[in-house]
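Below: one structure, written as C-alpha cells.
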Amino acid sequence: MMMGNRPILVLNQNTKQESGRKVQLGNINAAKNVADIIRTCLGPRAMLKMLMDPTGGIVITNDGNCILREITVQHPAAKSMIEISRTQDEEVGDGTTSVIVLAGEMLTAAEPFLQQQLHPTVIISAFRQALEDIINIVKDDVSLPVNAASKEEMLKIISTCLGTKMLGNWGNLACELAYDAVKTVAVEEHGHREVDIKRYAKIEKVPGGSVDDSRVLDGVMINKDVTHTKMKRRVVNPRIVLLDCNLEYKKAESQTNIEISNEQDFTRLLQLEEEYIKQICDDIIRVKPDVVFTEKGVSDLAQHFLLKAGITAIRRLRKTDNNRLARACGARIVNRTDELREEDVGTEAALFNIEKIGDEYWTYVTGCKNPKACTILLRGGSKDLLNEVERNLHDAMNVARNVILEPRIVAGGGAVEMAICQLISKKAESLTGIRKGPYAAVGRALEVIPRTLAQNCGANPIRTLTALRAKHAASGNASWGIDGISGDLVDMKEYGVWEPAAVKVQIYKTAVETAILLLRIDDIVSGSKKMSDADKPKQQAQGPSEESMKDD
C-alpha cells in the first residue's frame with residue numbers, strides 16, 4: 001500500500017503474504033505433488049509404501065488414507081488434500097487413493113485456464129455444473145441395480161475392492177470374511193437399514209498361524225481371563241449377566257475419616273462391608289447365571305461368593321465389548337444388581353469358552369442364535385502383515401455396507417470414468433461461452449484413473465488410452481475398461497469387475513469440491529507472533545531495578 005512515495009505497512013513485519021496467481025499455481029503444484037506420492041498405489045498392480053515414524057516403527061501399506069496420515073506436510077493446500085482422503089475413508093471406506101489422484105488431476109486441468117488469465121470464479125462455475133452432470137450420469141446412465149441379497153454378486157463386488165490390496169492374495173477367504181461380518185451386523189427395523197461396522201464388527205489381531213486360519217465368529221471374542229483360577233473356563237449353553245457396576249465395597253470419592261470409640265465398631269465396619277458384598281452377590285445368584293461380565297472391578301470376597309455358587313466372573317470389560325456381547329447373546333446391561341430380572345439374562349449363546357493363544361487368554365462367547373455383533377479373528381505371521389490385512393478388510397467391509405445401503409454398481413477398471421468423459425465431452429459441445437473449456441476439462445481429467453491403471457501395470461498408457469477412447473466412441477461399449485493386471489482392454493461385464501456407485505459418487509464430489517476450494521484461495525497470510533514481543537513490557541519493568549542495583 002503506497003501513500004505518496006512512502007509505503008504503509010499494514011501487516012506485522014514478521015508476517016509473510018502471498019497473493020494472486022502465484023498462490024493459485026502454488027496450491028496446484030502442492031496438490032499435484034501429494035497426488036504423485038500415491039499415484040503408484042492405484043490398481044491391482046499397486047506398489048507398497050514403507051513409512052517410518054520418529055520412534056522407529058514402520059508401516060507397510062498401499063492404502064491412500066494410511067500413507068497420507070503418516071506423512072507430515074508443510075504446505076496448507078497439501079494439508080487439505082490429506083484431509084479429503086480421511087473424509088473419503090470415514091464416509092464410504094474405500095477410494096482413498098482415487099480421490100487424491102483425481103483431485104490433483106482436476107487442479108492440473110484448471111492450471112492452463114488460470115495461465116490464460118481466466119477468472120477462477122468462471123472455472124469454479126464450470127466445475128460445479130460438470131459435477132452435477134457427472135452425478136446425474138452415474139445415477140441414471142452408467143450404474144446398474146444389484147441384488148444385495150445375492151451372495152454371489154456381493155462377493156464379486158468385494159473381490160474387486162480386495163483385488164488392489166495385499167489381502168487380494170487370499171481372494172475367496174477375504175471376501176467371505178467381509179461378507180459374513182457385514183451380513184451379521186446388518187439390522188433392519190421399521191424399514192430402516194443400519195450396518196454399524198465400527199461398533200459391532202470388531203477385528204481382533206492375533207499374531208501367529210497363517211491368514212488362512214482367520215475366521216468370523218458367530219459371537220464375540222474378548223482378551224480377558226477369569227478373575228479366579230478355580231472358576232469354570234468352559235460352559236455349554238451359558239446364562240450370561242452383563243453388569244456396569246462394581247462388585248466391591250463402595251469407596252468414598254474424597255478422603256473420609258472415621259472415628260472408632262471401641263473395638264466392636266471396627267468389627268461392625270468390616271461386617272457391614274461383607275454384608276454389602278454378600279447382598280450384591282445374592283442379587284446376582286438369584287437369577288442363576290453361569291457367567292457374569294462387569295465393566296468395573298470384582299473384589300476378592302465377591303469372587304469367593306460367586307465361586308461357591310459355581311459362577312464365572314470376568315471383570316474390567318470395555319464398554320464397546322459389553323455392547324457387542326449384549327447384541328450377540330441377547331442380554332441387557334444392568335447398572336444395579338438389585339434390578340436384575342430374568343429377562344436381563346442372555347441365553348442365546350451356545351458356548352462360553354476360554355482358550356490360550358500364545359501368551360494370552362481369550363474369552364469366546366460363540367454359537368449365538370442370531371448374533372447382531374461379531375468378531376473377526378485375524379491370524380498372520382507378523383504385526384505389520386496383520387495391520388495391513390486389517391486395513392484391507394476394513395475397506396472390503398465398507399464396500400459391502402455401501403452396496404447393502406445403496407444397491408447400485410458401476411463398471412470398474414476405469415470404464416465408468418471413460419463413459420462419463422465421453423458424455424461430458426458431448427455435452428460440452430452444446431455449451432457456449434468461456435465456461436465450455438473448463439467444463440470439458442473436468443471430463444478429460446477423469447481419464448487419469450484408466451491412465452494410471454495402465455501405467456501401474458506396465459502397459460503403454462498412450463496407446464492403451466487411445467484404444468479405450470475409440471472403444472467408448474462406438475455405442476454400446478460403455479462397460480469396457482482396462483484389466484489392471486495385464487493392461488489389456490476388457491469388457492467389465494464379462495470380466496466381473498464392479499464397484500459400488502456410492503463410492504464413485506463420493507470420489508467425484510470430494511475431488512471436484514476440493515479443486516473448487518483450492519481455486520478460490522487467492523491470498524495466503526502466514527506469520528508467527530513472537531513471544532519476545534509479548535514479554536517485552538515485563539523485561540522493561542525488571543530492567544531498571546537490575547541496573548540500579550549495579551549502580552549502587
Side-chain angles (χ1 to χ4, degrees), residues 63 89-94 146-163 165-189 193-206 209-223 318 320-330 348-350 362-380 385-407 499-500 502-503:
D63 182 77
D89 192 55
E90 286 177 4
E91 191 65 29
V92 287
D94 195 24
V146 64
N147 179 14
S150 163
K151 184 174 181 180
E152 190 184 338
E153 289 185 25
M154 289 289 284
L155 290 178
K156 265 187 191 174
I157 299 162
I158 297 168
S159 70
T160 302
C161 166
L162 287 174
K165 312 201 187 288
M166 191 193 281
L167 195 52
N169 302 334
W170 287 274
N172 293 338
L173 169 78
C175 296
E176 293 276 353
L177 287 177
Y179 178 75
D180 291 345
V182 172
K183 210 71 185 144
T184 303
V185 299
V187 178
E188 191 162 343
E189 287 178 357
R193 274 185 180 167
E194 186 193 60
V195 186
D196 195 339
I197 300 166
K198 194 173 180 181
R199 203 176 295 171
Y200 297 117
K202 175 83 184 287
I203 297 174
E204 287 288 1
K205 306 184 293 271
V206 183
S210 75
V211 176
D212 296 312
D213 301 331
S214 304
R215 64 187 196 274
V216 176
L217 304 174
D218 52 352
V220 178
M221 171 185 176
I222 302 158
N223 189 1
R318 287 198 190 101
T320 50
D321 286 336
N322 215 7
N323 287 336
R324 267 192 295 278
L325 263 173
R327 272 193 47 156
C329 69
E348 291 179 13
W362 294 86
T363 299
Y364 293 83
V365 178
T366 53
C368 301
K369 290 171 191 166
N370 185 23
K372 288 294 169 206
C374 68
T375 300
I376 303 146
L377 171 59
L378 288 184
R379 305 301 308 274
L385 173 71
L386 281 173
N387 287 336
E388 179 62 3
V389 167
E390 182 189 17
R391 281 189 287 270
N392 299 169
L393 199 58
H394 169 261
D395 287 3
M397 288 195 298
N398 275 298
V399 163
R401 185 199 68 178
N402 293 331
V403 176
I404 287 173
L405 296 176
E406 193 181 322
E499 296 184 58
V503 173

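Side chains included, hydrogens not; waters and symmetry mates left out as well; all remaining heavy atoms used. Residues: numbered from 1 along the sequence shown.
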Passes side chain to side chain contact (heavy atoms under 4.5 Å, CB included), Met154 versus Val182? Steps please.
CA-CA 11 Å; Met154 289 289 284; Val182 172; 5.8 Å; no
Less than 4.0 angstrom from a charged side-chain N to a carboxylate O is my criterion; do Glu388 and Arg391 meet it?
yes
Calculate, to the nearest 0.5 Å, the distance between atoms CG and CD belonging to Asn402 and Glu499 respectively.
11.5 Å
Pro500: which of Asn398, Ile157, Leu405, Ile158 passes side-chain contact (heavy atoms from CB on, under 4.5 Å):
Ile157
Any side-chain heavy atom of Leu377 within less than 4.5 Å of one from Trp362?
no
Across all chains, not counting sequence neighbours, the salt bridge (charged side-chain N to carboxylate O under 4.0 Å, His left out) partners of Glu91 are none
Under 3.5 Å, side chain of Arg324 to main-chain N/O of Arg199, donor-acceptor pair present?
yes
Check side chain to side chain donor-acceptor pair (under 3.5 Å) between Lys205 and all other residues, then give those that pass, not counting sequence neighbours.
Glu390
Check whether more than 12 heavy atoms from other residues, nucleotides or ligands sit under 6.0 Å from atom CD of Glu188, and answer yes or no.
yes
Name all pairs fulfilling the salt bridge (Lys or Arg N to Asp or Glu O under 4.0 Å) condition that reach into residues 392-407, sequence neighbours left out, sorted by first residue then second.
Lys165-Asp395
Salt bridge (charged side-chain N to carboxylate O under 4.0 Å, His left out) involving Arg318 - partner list, sequence neighbours excluded
Asp321
What are the two closest non-hydrogen atoms of Ala349 and Val365, and how far apart are they?
CB-CG1, 3.6 Å
Closest approach of Arg327 to Ala373 (non-hydrogen atoms, all atoms of both residues)
CB-CB, 4.0 Å
In Å and rounded to the nearest 0.5 Å, what is the OH to OG1 distance from Tyr200 to Thr320?
10.5 Å
Glu176: salt bridge (charged side-chain N to carboxylate O under 4.0 Å, His left out) partners, not counting sequence neighbours
Lys151
Would you be so kind as to tabulate the donor-acceptor pairs closer than 3.5 Å made by side chains of residues 214-222, with sequence neighbours excluded?
unit_1	atom_1	unit_2	atom_2	d
Ser214	OG	Val211	O	2.9
Ser214	OG	Arg379	N	3.1
Asp218	OD1	Gly367	N	3.1

Less than 4.5 Å apart, side chain to side chain, heavy atoms only: is that true for Met397 and Ile203?
yes
In terms of heavy-atom contacts, does NZ of Lys156 have more than 12 from other residues, nucleotides or ligands at under 6.0 Å?
no
CG on Asp94 to CG on Asn392, rounded to 0.5 Å
10.0 Å
From SG (Cys175) to CG (Asp180), nearest 0.5 Å
11.0 Å
Could you give the distance from CG (Asn223) to OG1 (Thr363), rounded to the nearest 0.5 Å?
8.0 Å
